[in-house]
Amino acid sequence: MDCQSCREALSARLDGEAEPVAAAETDAHLAQCTACTRWQASAQALTRTIRVRPVGPEPDLVDAVLAAAPPRHTALTPRLALAAVAIVQLWLALAQLLAGATGGHPGHGFSTHLFNEGAAWNLALGIGLLVAAVNAHRASGLLPTLGGFVAVLVAFSVNDLLTGTATATRVVSHLPLLAGLLLLYLVARAHRGQPTPGTPAKHDHDRGHADDSDGDDVAPQPGGRRGRPRHLRPTAHRRAA
């Protein structure tokens, strides 16, 4: 056996593959060839270096996992109450629209149009409250709109009561909006800091910057960008001698 055949057999042995020649022939050649013995020792050392490396510290992923999967029952009571208020608001808005359609609202032309606009706006608020009750992460987005509307509505309602242009019954019909604003705030506060579904957790974003600082195990991507760490996998199932 020549040295080339011996080294091919040794390489297959290190990789856990079938040797091209009988193992006894390879061992017999090694016993009398100093060059192949040195080559075997060098190959074994290189294999250990590639397959084995110190275990580095791993980050604690508990907080990231919990943040990515917020509890489904967070603020359950305010959300149920908000859904009930939304249904009441929808019922009032639909009753207002039906009253206008059947001639229950006095006036014609521009005043009728304003009445229909107000009814449509009340209906839209009811839909928004119901959506916020189902998808609580949307509550904070509706909060500024409803807060501004209620503030202006309260000011006009007080003025209309003082001037006698609105009845107490009509003003009381706006109470669901006040309750909805309070419940919307409670739901938004309970879900503050929770990630929006479908977005990466902050921990992953921070870890991405940390990965960019490692230059050894990060594979470069087209355009000069760095990708995710690429770990080496063993090519043999047999332990090196």
Side-chain angles (χ1 to χ4, degrees), residues 59-101 104-105 114-163 165-209:
D60 186 3
L61 301 179
V62 174
D63 293 338
V65 172
L66 292 178
R72 297 181 59 184
H73 301 299
T74 301
L76 181 60
T77 300
R79 288 172 63 183
L80 292 176
L82 184 62
V85 170
I87 293 174
V88 173
Q89 177 66 21
L90 288 173
W91 179 78
L92 292 174
L94 289 174
Q96 184 179 357
L97 283 173
L98 291 176
H105 172 67
L114 288 178
F115 177 85
N116 292 333
E117 282 186 353
W121 176 246
N122 287 325
L123 183 63
L125 288 177
I127 295 174
L129 292 176
L130 189 59
V131 170
V134 176
N135 298 318
H137 64 277
R138 300 184 182 276
S140 58
L142 182 60
L143 194 57
T145 301
L146 184 60
F149 177 75
V150 169
V152 176
L153 182 63
V154 168
F156 277 113
S157 297
V158 171
N159 178 74
D160 292 341
L161 281 176
L162 294 177
T163 59
T165 56
T167 62
T169 302
R170 179 60 183 167
V171 172
V172 169
S173 66
H174 300 316
L175 288 179
L177 289 177
L178 290 174
L181 178 61
L182 176 60
L183 293 171
L184 194 67
Y185 170 75
L186 294 177
V187 173
R189 187 180 65 175
H191 284 261
R192 187 178 304 166
Q194 297 287 353
T196 302
T199 61
K202 181 180 182 297
H203 180 84
D204 296 335
H205 177 73
D206 295 340
R207 187 182 179 188
H209 289 292

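Side-chain atoms are counted along with the backbone in the values below, which use heavy atoms only and exclude waters and symmetry mates. Nothing fancy with the numbering, it's 1 onward along the sequence.
Within the structure, the side chain to side chain donor-acceptor pair (under 3.5 Å) test picks out the following pairs touching residues 146-161 (sequence neighbours left out): Asp160-Thr165.
Side-chain atoms of Arg79 come within 3.5 Å of backbone atoms of Ala133 as a donor-acceptor pair (strictly under, hydrogens ignored).
Among all heavy-atom pairs drawn from Asn122 and Gln89, the shortest one is O-NE2, 3.2 Å. Residue Pro78 comes nearest to Leu186 through the heavy atom pair CB-CB, 4.3 Å, listed as atom of the first residue, atom of the second, then distance. Contact between Leu143 and Ala188 at its shortest, heavy atoms only, is CD2-CB, 4.5 Å.
Under the side-chain contact (heavy atoms from CB on, under 4.5 Å) criterion, Ala86 pairs with Leu129, Leu130, sequence neighbours left out. For the ring pair (Phe, Tyr, Trp, His ring centres under 6.0 Å) test, residues two or more places apart in sequence or in another chain that qualify with Phe149 are Trp121. Under the rule for a side-chain contact (heavy atoms from CB on, under 4.5 Å), Ala84 has no partner lying at least two apart in sequence or in another chain.
The only option from Val154, Leu182, Leu146 that meets the side chain to side chain contact (heavy atoms under 4.5 Å, CB included) definition with Leu177 turns out to be Leu146.
To the nearest 0.5 Å, the span separating CG on Leu178 from CG on Leu183 amounts to 11.0 Å. Taken to the nearest 0.5 Å, the CG atom of Leu142 stands 12.5 Å off from the CG atom of Asn135. Going from atom CG of Leu82 over to atom OG1 of Thr77 covers 12.5 Å, rounded to the nearest 0.5 Å.
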Side-chain donor-acceptor pairs under 3.5 Å in residues 166-176, sequence neighbours left out?
from: Thr167; atom 1: OG1; to: Arg170; atom 2: N; distance (Å): 3.2
from: Ser173; atom 1: OG; to: Arg170; atom 2: O; distance (Å): 2.4

